[in-house]
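Atom set for the values below is all heavy atoms of this structure, side chains included, hydrogens, waters and symmetry mates excluded. Order of the sequence lines fixes the chain letters, A, B, ..., with proteins taken first and strands second; residue numbering starts at 1 for each chain.
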Number of protein chains: 2
Amino acid sequence: MVTLVEVARHAGVSASTVSYVLSGKRPISDLTRRRVRASIEQLGYQPHAGARALASSRSRIIALMVPLRTDMYVPVMLDIAVAVATTARAHGYDVLLLTGEEGPSALRRVTGSGLAEAVILMDVQLDDERLPVLRAAGPPAVLVGLPADPSGLSCVDLDFTAAGALCVEHLAGLGHREIAVIGEAPGVYARHTGFAERTLRGLRDRATELGVGLLHRPCEGGHDAVAGVLARIFDERPGVSAFVVQNETAVEPLLALLRRTGRAVPEDVSVVAVCPEPIAAQASVPLTSVAIPAQELGRRAVERLITGLSGRPGADGPADDAAPTPGVELLTPVLTSRDSSGPPLARGVMS
Amino acid sequence: MVTLVEVARHAGVSASTVSYVLSGKRPISDLTRRRVRASIEQLGYQPHAGARALASSRSRIIALMVPLRTDMYVPVMLDIAVAVATTARAHGYDVLLLTGEEGPSALRRVTGSGLAEAVILMDVQLDDERLPVLRAAGPPAVLVGLPADPSGLSCVDLDFTAAGALCVEHLAGLGHREIAVIGEAPGVYARHTGFAERTLRGLRDRATELGVGLLHRPCEGGHDAVAGVLARIFDERPGVSAFVVQNETAVEPLLALLRRTGRAVPEDVSVVAVCPEPIAAQASVPLTSVAIPAQELGRRAVERLITGLSGRPGADGPADDAAPTPGVELLTPVLTSRDSSGPPLARGVMS
DNA sequence: GGGAGATGTCGAAGCGCTTCGACGCCGGAA
DNA sequence: TTCCGGCGTCGAAGCGCTTCGACATCTCCC
């Protein structure tokens with residue numbers, strides 16, 4: 001392995017000079033810089049990450065904690081993760097992959113050992129057990145998702161409340177008076193996953209405001225589960241003329257079942273989805289949907305973090321003020337009209 | 001930050017003693033060990049990762065390179081990644097997330113800087129451009145997937161050739177004489193992705209052996225694309241009585257389309273899928289399928305790596321023989337019979 | 001009873017890098 | 001001409017850990 005000292009010798013300068021060429025923290029003459037660069041190139045020098053981290057107390061690594069369960073929103077998760085990795089690299093950072101399994105202690109571990117300088121958390125729950133750790137030990141952190149109490153934390157998320165409201169508005173605007181919501185698996189609500197509950201709140205509040213009936217049913221993925229839920233919905237509320245789906249594994253089963261039971265989309269029932277664009281666009285009926293901008297979320301999370309991290313003293317300085325600006329950044333949801341929503345059948349015809 | 005020296009002082013021993021308590025590389029008396037452990041606990045000591053890596057030349061990090069495009073087999077990829085992370089942690093390693101974007105140079109970077117000790121590559125192509133780097137500089141590596149020439153490399157994969165053969169055998173055994181294969185997106189084949197081509201070879205070879213007709217069509221995801229492909233298939237080969245699907249985004253559309261065109265599964269046509277279990281089991285018709293054991297693949301990959309890594313000299317020793325045992329480990333595919341396959345209609349009835 | 005071999009602990013020398021203070025040099029101001 | 005301040009470079013002191021050789025101590029056996 002080539003070391004900095006060897007580069008220095010090769011270029012006929014001191015070790016510190018090579019270091020300054022690399023970091024740009026002190027002025028170096030053009031001639032020297034060129035020589036050093038040439039030697040680096042020639043010897044194929046690569047700075048030792050550990051040594052660097054030790055000397056500078058900056059590892060240039062951020063940890064990304066993904067949920068262990070892959071029972072939910074898989075494409076979204078992966079998209080976010082990839083966007084995080086890509087964006088981080090663009091800023092000279094690497095990404096350490098943590099699973100939810102280890103829980104809060106993983107945060108302490110990677111952060112306390114100086115392995116990672118900061119963390120990004122996905123799949124945040126309303127009263128997430130990792131939050132106390134963040135508030136206390138306070139490694140710089142950004143949450144993708146919004147907990148119940150985001151005070152003092154930096155969060156990025158889609159404004160799911162607004163997304164829910166948007167769906168109801170769209171359907172109510174078309175004339176629907178009875179809307180059914182097919183939601184995530186019951187477990188997701190049981191865990192108090194932020195986005196699911198907030199969407200629901202947005203749906204409910206706006207439905208109440210507009211005097212529209214709203215029925216919410218959690219739903220496991222898969223054809224059979226959707227069939228059961230659907231049957232119960234029509235049983236309880238025969239007047240339902242529109243669906244909001246927030247569960248990517250329920251989308252196709254729902255469409256198939258509606259078709260099979262002789263309900264045309266959008267003529268007989270309308271469907272609006274909250275899901276990533278590709279899923280909505282590629283569905284058997286292209287779906288009117290509110291997009292979940294996974295990549296954008298990942299990108300923003302990293303950028304918040306990096307912004308907070310730079311301008312940071314090498315060592316430890318005035319401790320915690322190095323964290324990213326606390327605050328919640330909610331992306332405005334956008335509803336794209338496709339083929340799956342339209343006005344309901346005229347009342348008279350229906351009943 | 002608490003350092004080892006502080007722990008030593010607190011416990012009334014020397015720094016090296018603390019180190020040996022931690023590493024177990026030299027015998028330490030029970031009494032001393034207890035005292036040191038107590039001090040560690042009490043002070044909340046965490047070894048500094050960088051310092052450790054520097055002194056020992058082992059970072060205890062393995063890099064995982066995931067494909068940048070998330071256009072394919074997303075759940076499989078995420079499952080593998082999560083399994084890798086989990087298994088690695090169980091062995092005391094952390095995982096660095098790399099995307100395919102940086103390409104071969106990323107391998108050099110993380111490996112040359114001592115950031116990662118080893119790498120796991122996913123989405124390996126038959127003539128992957130990253131392989132030369134591995135063969136040359138030779139950081140310990142395990143591929144999840146099988147390139148055209150695996151010599152000198154360590155690989156783990158499902159035996160997709162056997163998987164293909166298995167599908168054909170199953171269908172031929174039921175009496176089918178004309179099989180259509182709905183494959184991955186054309187781009188996947190264009191990239192010469194190993195698993196796709198190997199499955200195809202297995203399908204073709206066994207079909208030839210058994211004298212069964214086989215038609216292969218790549219297929220983009222989404223309803224419309226599947227519709228087009230399906231129409232062309234029936235157009236070209238009206239006698240097709242069975243499908244093999246290797247494209248998770250085509251599964252539901254295919255079932256929906258068959259249903260809509262009045263072909264019952266499995267009475268009129270049989271369907272066999274090559275996909276993760278949950279997808280097959282949750283489909284609108286539970287599918288006879290060959291499972292892709294994503295978690296198992298991730299787990300094995302890590303275990304191969306770790307096995308190679310331990311027994312490794314601290315510094316660099318006799319260089320490259322530290323790599324994991326080269327060799328290919330192919331998991332035997334298992335076909336699970338569900339509801340989607342059965343004997344074809346009697347010839348006479350058909351035509 | 002004395003040397004051989006464990007056993008348990010310590011001190012010191014790095015690992016490769018960053019960073020701080022020092023220093024020589026040159027140009028401009030006095 | 002002298003003095004001052006930048007500029008460009010160097011040397012040295014760590015960063016926190018591992019590891020090697022050395023040194024006591026203790027045990028056991030002839």
Are any of the side-chain heavy atoms of [X] and [Y] separated by less than 4.5 Å?
X        : Y        : answer
A:Glu303 : A:Thr87  : yes
A:Thr193 : A:Asp123 : yes
A:Val82  : B:Glu101 : no

Spacing of [X] atom [atom1] relative to [N] atom [atom2], expressed in whole Å:
X        : N      : atom1 : atom2 : value
A:Leu115 : D:dC17 : CG    : C1'   : 14 Å
A:Leu4   : D:dG11 : CG    : P     : 13 Å
A:His48  : D:dG16 : NE2   : P     : 17 Å
B:Leu22  : D:dG16 : CG    : P     : 16 Å
B:Leu54  : D:dT19 : CG    : P     : 12 Å
B:Arg58  : D:dC17 : CZ    : C1'   : 15 Å
B:Arg34  : C:dT9  : CZ    : P     : 13 Å
A:Leu43  : C:dG16 : CG    : P     : 15 Å

What pairs of nitrogen or oxygen atoms, one from the protein and one from nucleotides 8-10 of chain D, lie under 3.5 Å apart?
unit_1: D:dT9; atom_1: OP1; unit_2: A:Ser29; atom_2: OG; d: 2.8
unit_1: D:dT9; atom_1: OP1; unit_2: A:Thr32; atom_2: OG1; d: 2.1
unit_1: D:dT9; atom_1: OP2; unit_2: A:Ser29; atom_2: N; d: 2.8
unit_1: D:dT9; atom_1: O4; unit_2: A:Arg26; atom_2: NH1; d: 2.9
unit_1: D:dC10; atom_1: OP2; unit_2: A:Ser14; atom_2: N; d: 2.8
unit_1: D:dC10; atom_1: OP2; unit_2: A:Ser14; atom_2: OG; d: 3.2
unit_1: D:dC10; atom_1: OP2; unit_2: A:Thr17; atom_2: OG1; d: 2.4
unit_1: D:dC10; atom_1: N4; unit_2: A:Arg26; atom_2: NH1; d: 3.4

Using C1' atoms of five pairs at each end, report the bend of the helix from C:dG1-D:dC30 to C:dA30-D:dT1 rounded to 10 degrees.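 Roughly 50° between the end axes, to the nearest 10°.
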
Would you tell me whether A:Ser16 and A:Ser19 have side-chain atoms, one donor and one acceptor, within less than 3.5 Å of each other?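 No donor-acceptor contact under 3.5 Å links the two side chains.
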
Distance alone, cut at 3.5 Å: any donor-acceptor contact between the side chains of B:Ser154 and B:Arg304?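 Present: a donor and an acceptor within the cut-off.
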
Using a heavy-atom cut-off of under 4.0 Å over every strand shown, decide if A:Ser19 touches base, sugar-phosphate, or nothing.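 Base, at least one base heavy atom under 4.0 Å.
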
Who are the side-chain contact (heavy atoms from CB on, under 4.5 Å) partners of B:Arg9, not counting sequence neighbours?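 B:Val5, B:Glu6.
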
Would you call [X]-[Y] a salt bridge at under 4.0 Å N-O?
X        : Y        : result
A:Arg300 : A:Glu296 : yes
B:Arg60  : B:Asp94  : no
B:Arg135 : B:Asp149 : yes

Side-chain N or O of B:Lys25 closer than 4.0 Å to phosphate OP1/OP2 of D:dT18: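 B:Lys25 to D:dT18 OP1/OP2: no side-chain N or O under 4.0 Å.
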
